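Okay, structure first, notes after.
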Amino acid sequence: MSSTGQSDPSSGIDAETWAAAQNSPEFATLRQRLRKFVFPVSAIFLVWYLVYVLLADYAHGFMSIKLVGNINVGLVLGLLQFVSTFLITTLYVRYANKNLDPVAEQIRERVEGEQR
């Protein structure tokens, strides 16, 4: 931060304005909504990944069951890791567009409006 009280000279927004925005009810709502999505989804994904790793390490017989041709359970579960990652990304984008971006836009407009 510079001696003029600006946290980023190129933005023209001073530290007090940023602090006020961060302490606003809208910002608290934004944080709450972000955490409401991120924490449960992260926990679910980590459990899913841990189950996959544990199965791969300790359930060789199960993971090597052939489903079709040379495709086995382990390969299918491994590919589902990628599918779940893309699904989570898609769900997050939808959630953010609907629940996070409008609030963030309100905060941005208020902060920029205070600087004019």
Side-chain angles (χ1 to χ4, degrees):
M1 182 166 25
S2 70
S3 60
T4 62
Q6 291 184 345
S7 56
D8 181 4
S10 63
S11 73
I13 300 172
D14 59 38
E16 291 80 22
T17 303
W18 284 119
Q22 186 176 7
N23 293 326
S24 70
E26 294 87 1
F27 193 81
T29 299
L30 184 63
R31 277 194 320 251
Q32 176 191 12
R33 289 180 181 180
L34 178 67
R35 289 175 179 161
K36 181 181 173 182
F37 181 89
V38 170
F39 289 164
V41 171
S42 296
I44 290 167
F45 181 79
L46 289 173
V47 167
W48 155 233
Y49 181 73
L50 181 62
V51 166
Y52 171 71
V53 169
L54 291 173
L55 285 173
D57 197 31
Y58 296 108
H60 297 275
F62 173 71
M63 295 293 268
S64 62
I65 294 172
K66 300 233 185 232
L67 299 175
V68 177
N70 287 331
I71 298 175
N72 60 25
V73 172
L75 180 62
V76 170
L77 291 179
L79 292 173
L80 286 175
Q81 291 288 320
F82 289 102
V83 171
S84 64
T85 301
F86 289 115
L87 177 65
I88 289 169
T89 302
T90 301
L91 292 173
Y92 176 76
V93 168
R94 287 183 185 172
Y95 183 82
N97 287 340
K98 181 180 177 187
N99 299 299
L100 303 178
D101 292 348
V103 178
E105 182 66 21
Q106 289 174 350
I107 295 169
R108 185 186 64 79
E109 287 174 357
R110 192 181 75 244
V111 167
E112 289 178 351
E114 291 175 6
Q115 291 301 305
R116 292 183 187 152

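This one's a predicted model, so the numbers in the text were calculated from it and none came from an experiment. For reference, positions follow the sequence shown, starting with 1.
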So if you build clusters from Ile, Leu, Val, Met, Phe, Trp, Tyr with side-chain heavy-atom gaps below 4.5 Å, do Y52 and V47 land together?
-> yes
Review point. Does the S42 side chain pair with the main chain of F39, one donor and one acceptor, at a distance under 3.5 Å?
Key: no
Rounding to 0.5 Å, atoms CZ (R35) and CG (L30) come to a distance of 10.0 Å
Looking only at heavy atoms, the pair that brings P102 and A96 closest together is CD-O, 4.2 Å
I'd like to check V111 versus I107 (side-chain heavy atoms, cut-off strictly below 4.5 Å). Are they in contact? yes
Quick note, ring-ring contact (aromatic ring centres under 6.0 Å, His included) partners involving residues 55-87, not counting sequence neighbours, are none
When every non-hydrogen atom of N99 is compared with those of R33, the smallest separation belongs to O-NH1, 3.0 Å
Exercise for review: Check whether more than 12 heavy atoms from other residues, nucleotides or ligands sit under 6.0 Å from atom CG of D57, and answer yes or no.
Suggested key: yes
| task | With the side chain counted from C-beta on, respond yes when F45 and I88 share a heavy-atom pair under 4.5 Å apart, and no when they do not. | result | yes
query: Quick one: does L80's side chain get under 4.5 Å of W48's, heavy atoms only?
result: yes
### Message
Please say yes or no: joined through hydrophobic side-chain contacts below 4.5 Å, possibly via intermediate residues, are L79 and L67 part of one cluster?
### Response
yes
Those residues at least two apart in sequence (or on a different chain) that pass ring pair (Phe, Tyr, Trp, His ring centres under 6.0 Å) with Y95 are F37
One should read off an interatomic distance between L50 CG and L55 CG, to the nearest 0.5 angstrom, of 9.5 Å
Note, R31 side chain near F27 side chain (heavy atom, < 4.5 Å): yes
Heavy-atom closest pair (V103 atom, E26 atom, distance to 0.1 Å) is CG1-O, 3.3 Å
Practice prompt. Say whether I44 and L91 are linked into one hydrophobic cluster, either directly or through other cluster members, by side-chain heavy-atom distances under 4.5 angstrom.
Written response: no
Task: Joint cluster assignment, V83 & L77, ILVMFWY side-chain distance < 4.5 Å - done: yes
Please tell me whether V93 and V38 are part of a single hydrophobic cluster in this structure, the criterion being side-chain heavy atoms less than 4.5 Å apart.
no
Verdict with reasoning, E105 to D101, per side-chain contact (heavy atoms from CB on, under 4.5 Å) = CA-CA 6 Å; E105 182 66 21; D101 292 348; over 6 Å; no
